[in-house]
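Every chain is numbered from 1 and lettered A, B, ... according to where its sequence line falls, protein lines coming before strand lines. Atom set for the values below is all heavy atoms of this structure, side chains included, hydrogens, waters and symmetry mates excluded.
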2 protein chains.
Amino acid sequence: MEATKTTKKRQIELREARLLEKAGEILLNEGLAELTMERLAEELETAKGTIYNHFPNREEVLLTLAVKAINKRLALFDTASMSQGNPKERMLAVNVACEIYVVHYPQYFMVENIVRHSAIWDRGSEDRRNLLKSEEGRCMTLVSGIVRAAIASGDLKLPAGISPEEMALSMWSLTYGSYLINITSPSLKDIGIHDVYRAVRVGCCKTVDGYGWKPLWTEEEHAQKFTKIRETVFPDEKGLSHE
Amino acid sequence: MEATKTTKKRQIELREARLLEKAGEILLNEGLAELTMERLAEELETAKGTIYNHFPNREEVLLTLAVKAINKRLALFDTASMSQGNPKERMLAVNVACEIYVVHYPQYFMVENIVRHSAIWDRGSEDRRNLLKSEEGRCMTLVSGIVRAAIASGDLKLPAGISPEEMALSMWSLTYGSYLINITSPSLKDIGIHDVYRAVRVGCCKTVDGYGWKPLWTEEEHAQKFTKIRETVFPDEKGLSHE
DNA sequence: GATAGAAATTGACGAATTGTCATTTTTTTG
DNA sequence: CAAAAAAATGACAATTCGTCAATTTCTATC
């Protein structure tokens, strides 16, 4: 009885996991338009009503996937921000985390962008929305925490009236903006952008340099730091197959 | 006859303009979900079939609006890149152009982001898509042209292997990313970002500083440049009512 | 293991929206 | 003014969402 109950519950949980995984796949490979409730039902070999037993509407499927996505991102950011090294090295580690996130979990990056659209955002449940907002806040807190640490240690001095969060926004938006342009602009190569990942790395280093964030390193040293971070902080996420 | 013909043609053109304007309004004030073909028909006091006489589908309405949007952006960028001053000043002018674009034409900024989604992008006509891509390319060319000018004049030296376009991407994505986060993240104030426009201006200056783009200016001087550019290059776009 | 009640599943259905097209109305042309 | 061309109309088919009453499966108790 106890065992059977657990079995059924587990079955349902398992189905929900399969559902979310399948949703991510469809999203990535076939686009949002193909992600219909009936399609999900077919894929899971069940009836549409059952899908609605899991989620009250389509948007909630996407929001739930987005929660999974941001949790993954948070985990990567966390690893980065807890890594060995001075604040600047940890900031670069966040950069590597972003790169890993975008390259290894493209469906997550995609869904995070999709749910930002009001058409979807507004229809999700309050709870799920708040969860997403709070997780996003935690990501920002992690990064701005590194900025604060740099200020505390004297490595960085911000311009008057600029908060650590506003400095962190520079880093985050440069990275986020570039990767977003990368996945939505069909042919960056044609307009002279050959390696968007390297461009982002260099851009972030230059921005950090512009703020006068110490220790100051040469381009060569920066590049070595990135290589080292990837090996030591994220040894498990191998094979960053750029394009 | 000739006169009547012109009258009718003009009527139709006028309606198309009204349609696009109305679509922009609905998009901005009520969101994408409210922008239905029937709603547009009602607003224009005509039948649904007539709307389909103008556009083959809903996505094409959005793509057409996006073309208007990017043309406006291109015009602003053009004004900026043709302005008086050294390359660095012109780059800052592009920054001001972005700010004006986002603040004064929010529906345009919105629609540019909406059409990037594959669900919409893929359903538009090839022609309209190519038009958008080419206009976007021209925007990028304008900005990277300023970077090239700076290199030519010796004001800027890029790291080995970084193209002018890749440097321009840093600027563009920092700006674009920040403004996108600004309109899609409900409450930036709550997480410590009080003036996103100023944060972007400072962030861009720091990035430019990081690349060592001469002439080097103090924070004070940078701020003065922005004020001056707004007054001299864009005298008509007054009242940048930030929030 | 029989059975009553709870939980989960099902698919037909109503509602909303898209896009079509035969018919009607308006405009242009000869 | 009449015929031809162009434009407008709204009923209709198709798609998808989300609901719900009926049915099946599972759980708990004796």
To the nearest Å, give me how far apart [atom1] ([X]) and [atom2] ([N]) are.
{"X": "A/Arg10", "N": "D/dT27", "atom1": "CZ", "atom2": "P", "value": "12 Å"}
{"X": "B/Glu13", "N": "D/dA7", "atom1": "CD", "atom2": "P", "value": "12 Å"}
{"X": "B/Ile51", "N": "C/dT18", "atom1": "CD1", "atom2": "P", "value": "11 Å"}
{"X": "B/Phe55", "N": "C/dT17", "atom1": "CZ", "atom2": "P", "value": "20 Å"}
{"X": "A/Arg123", "N": "D/dC17", "atom1": "CZ", "atom2": "C1'", "value": "8 Å"}

Using atom names, set out every protein N or O paired with an N or O of nucleotides 4-8 of chain C below 3.5 Å, distance rounded to 0.1 Å.
none

Residues B/Arg198 and A/Glu166 bridged, charged N to O under 4.0 Å: no
Restricting to side-chain hydrogen bond (donor to acceptor under 3.5 Å, both in side chains), what partner residues turn up for [X], sequence neighbours left out?
{"X": "B/Asn130", "result": "none"}
{"X": "B/Thr50", "result": "B/Thr46"}
{"X": "B/His117", "result": "A/His117"}

A/Arg230 and A/Glu237: CA distance, side-chain angles, deciding distance, salt bridge (Lys or Arg N to Asp or Glu O under 4.0 Å) verdict: CA-CA 8 Å; A/Arg230 200 165 303 150; A/Glu237 316 274 356; over 6 Å; no
Contacts of A/Lys133 that satisfy salt bridge (Lys or Arg N to Asp or Glu O under 4.0 Å) - sequence neighbours left out: none
For A/Glu43, all residues meeting salt bridge (Lys or Arg N to Asp or Glu O under 4.0 Å), sequence neighbours excluded: A/Lys22, A/Arg39
Please tabulate, for the side chains in residues 135-147 of chain B, all donor-acceptor contacts under 3.5 angstrom to protein atoms that are two or more places apart in sequence or on a different chain.
| from | atom 1 | to | atom 2 | distance (Å) |
| --- | --- | --- | --- | --- |
| B/Glu135 | OE1 | B/Arg138 | NH1 | 3.1 |
| B/Glu136 | OE2 | B/Arg116 | NH2 | 2.5 |
| B/Thr141 | OG1 | B/Gly137 | O | 2.7 |
| B/Ser144 | OG | B/Met140 | O | 3.0 |
| B/Ser144 | OG | B/Thr141 | O | 3.3 |

Contact residues, residues 21-47 of chain B to DNA chain D [heavy atom, < 4.0 Å]: B/Thr46, B/Ala47
Within residues 58-67 of chain A: residues closer than 4.0 Å to DNA chain D (heavy atoms): A/Arg58, A/Glu59
Pairs involving residues 45-55 of chain A, ordered by first then second residue, that meet salt bridge (charged side-chain N to carboxylate O under 4.0 Å, His left out) (sequence neighbours left out): A/Glu38-A/Lys48
Under 3.5 Å donor-acceptor, B/Ser81 side chain and B/Asp78 backbone: yes
Look for any protein N or O under 3.5 Å of an N or O in nucleotides 20-22 of chain C and output each such pair with its distance, or none.
none

Validation row, ring centre A/Tyr197 to ring centre A/Tyr179 under 6.0 Å: yes
Mind listing the side-chain donor-acceptor pairs of residues 60-71 of chain A below 3.5 Å, one per line with the distance, residues two or more places apart or on another chain?
| from | atom 1 | to | atom 2 | distance (Å) |
| --- | --- | --- | --- | --- |
| A/Glu60 | OE1 | A/Ser125 | N | 2.8 |
| A/Glu60 | OE2 | A/Ser125 | OG | 2.8 |
| A/Glu60 | OE2 | A/Arg128 | NE | 2.9 |
| A/Glu60 | OE2 | A/Arg128 | NH2 | 3.4 |
| A/Thr64 | OG1 | A/Glu60 | O | 2.6 |
| A/Thr64 | OG1 | A/Arg128 | NE | 3.4 |
| A/Thr64 | OG1 | A/Arg128 | NH1 | 3.3 |
| A/Thr64 | OG1 | A/Arg128 | NH2 | 3.4 |
| A/Asn71 | ND2 | A/Val67 | O | 3.3 |

Parallel, tilted or perpendicular: ring planes of B/Tyr176 versus B/Phe109, cut at 30 and 60 degrees: perpendicular
